[in-house]
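Report on one structure; see the data block that follows.
Each ligand, and each atom within it, is numbered from 1 in the order the structure gives. Please read these numbers as outputs of a predicted model, since none were measured by experiment.
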Amino acid sequence: MQYRRFPKIDGLEVSTLGLGCMRLPQRSADPADIDEAALDAMVLAAREAGVNYLDTAYIYHKGRSEAALGESLERTGSRGDFLLATKSPVWLAKDSGDWERFLDEQLKRLKTDHIDFYLLHALSAERWALVERLGGLRAMERFRMDGRIRHLGFSFHDNLDAFKRIVDGYPAWEFCQVQYNYVDKDFQAGEAGLRYAAEREIGAIVMEPLRGGALVRAPRAVREIFARHPKPRMLAEWAMRFVWERQEVTTALSGMGSVDQVLENAAYAEAARMNSLTRAEMALFDEARAFFKEREKVPCTGCGYCRPCPSGVSIPDCFELYNAAAMFDIKADRGRWYEAAYRSQGKGGNACVQCGACVPKCPQGIAIPERLAEADGYLKGGA
Ligand code: SF4
Ligand code: SF4
């Protein structure tokens, strides 16, 4: 296993592969029904392979991931072998006492007296305002002082401007967690965000290096692009190597669901080095990215300038789901997501009343109301 450091954290070696606990093995279709024996085997395999970073969150597996992981660490006697990361569910906070309520519940679930890496979950400009309004950082500093959390960071889903504002809004961030992969290199914080954070000595953890598994199930045309390289590699290895190439990245999280996946990813991590990809290899990534981008439905960059919609439509999210469904051939999956998190919540394209307020704000010149109707029809059909 390879290990890297966070610029502001002395003496801590973190494995370049982290075990993400949002797709744990299940006994049934119910996300809360985690297979404990299979999880124990994964935890032990990860430890054996030298993985020392575990990432979970309050909400994963309908709130069961933390507890299952805590129980597994207790059963396998391995809490001391891992750095444990979890996240505060910012959007659920209603008053300033909630930060402590969440943390105490998480410590209980995880059966530990401290969280090594604590993140404010999925910050956006809107959620950052909520953190400020409810004294979230003051609470986090108190938890850090009394030892219940060791290192503080945030995970992020918004545009680059919002990322910079959050980075600059608190000088003591020690790390951030961003989405990054060879298709999304300029999406949300993207590569520019990685550089911006690194210049301020904020280490980066990368999530979605495989785009939720979509890059492993890429169509034949993409397989053929990578197959032209003389050294055969699995699609997962190509995608992970793209992330580990960056010196700003300390660790990449993969949401794993079996011992086989742990062992495969650990082998990739063992072999990958930063700044090692050749120009020819980079050209293959460019070609594969171009293939996906051609299938993109709406040229939305996720910049968010169209927000807020007075009718509550989550415009960039609808377009992101529409694009992902088409680019990665995952219409049914994104359709279900769209229905559960947007359409049924009054945030889907069907809630657009065609007032036109968003249209002049879009730098891409997207005919937003028409394209939302199109996205709604497509995603609704896939659900
Ligand atoms: S046109 Fe539709 S999406 Fe745009 S602001 Fe009006 S209601 Fe919202
Ligand atoms: S629709 Fe336009 S303004 Fe809104 S996020 Fe996409 S590119 Fe930005």
Q) Which atoms of ligand 1 have any heavy atom of S311 under 4.0 Å away? A) 7 (S)
Q.
Going by side-chain contact (heavy atoms from CB on, under 4.5 Å), M140 matches just one of V131, L120, L103. Which one?
A. L120
Q. Any sub-3.5 Å donor-acceptor pair from R273's side-chain atoms to E270's backbone N or O?
A. yes
Q: Determine whether the side chain, the backbone, both or neither of L372 has a heavy atom under 4.0 Å from any heavy atom of ligand 1.
A: side chain
Q: Below 4.0 angstrom from a heavy atom of C358, which ligand 1 atoms are there? Numbered from 1 as shown, please.
A: 1 (S), 3 (S), 4 (Fe), 5 (S)
Q: Could you verify whether a donor N or O on one side chain and an acceptor N or O on the other, from R47 and S78, lie under 3.5 Å apart?
A: no
Q: Any atoms of ligand 1 less than 4.0 Å from a non-hydrogen atom of P310? List them with their elements.
A: 5 (S)
Q. Looking at P369, which atoms of ligand 1 are within less than 4.0 Å of one of its heavy atoms?
A. 1 (S)
Q) Would L19 and L44 show up in the same hydrophobic cluster when neighbours are defined by side-chain heavy atoms closer than 4.5 Å? A) no
Q.
Tell me whether atom 6 (Fe) of ligand 2 has C362 as a neighbour, meaning an N, O or S atom of it below 2.8 Å.
A. no
Q. Which ligand 2 atoms does I368 reach within 4.0 Å, using its non-hydrogen atoms?
A. 1 (S)
Q) When you measure from atom 5 (S) of ligand 2 to every protein heavy atom, which one gives the shortest distance, and what is it? A) G304 N, 3.1 Å
Q) Can you check whether E105 reaches E66 side chain to side chain, under 4.5 Å on heavy atoms? A) no
Q: Please work out whether any backbone atom (N, CA, C, O) or any side-chain heavy atom from C-beta onward of C352 is under 4.0 Å from ligand 1, and answer side chain, backbone, both or neither.
A: both
**Q.** For G356, the ligand 1 atoms whose distance to one of its heavy atoms is below 4.0 Å
**A.** 1 (S), 6 (Fe)
Q. How far is atom 6 (Fe) of ligand 2 from its nearest protein heavy atom, and which residue and atom name does that atom have?
A. C300 SG, 2.4 Å
Q) Taking NZ, NE, NH1 and NH2 as the nitrogens, is one of them in R75 or E36 under 4.0 Å from a carboxylate oxygen of the other? A) no
Q. Going by distance alone, is a donor N or O of one side chain under 3.5 Å from an acceptor N or O of the other, for E208 and Q179?
A. no
Q) By number and element, which atoms of ligand 2 are closer than 4.0 Å to a non-hydrogen atom of P316? A) 5 (S)
Q) Counting each atom of ligand 2 from 1 as listed, which ones have a heavy atom of Q364 under 4.0 Å away? A) 7 (S)
Q: Verify whether one side chain among Q106 and Y58 offers a donor that lies under 3.5 Å from an acceptor in the other.
A: no
Q. Taking both backbone and side chain into account, is any N, O or S atom of C355 nearer than 2.8 Å to atom 6 (Fe) of ligand 1?
A. yes
Q. Any side-chain donor paired with an acceptor under 3.5 Å for N52 and S15?
A. yes
Q: Identify, for atom 8 (Fe) of ligand 2, the protein heavy atom at the shortest distance, and state residue, atom and that distance.
A: C303 SG, 2.3 Å
**Q.** Proximity of V298 to ligand 2 by residue part, where a heavy atom lies under 4.0 Å
**A.** neither
Q: Measure the shortest side-chain to side-chain distance between I202 and Y196 over non-hydrogen atoms and say whether it is less than 4.5 angstrom.
A: no
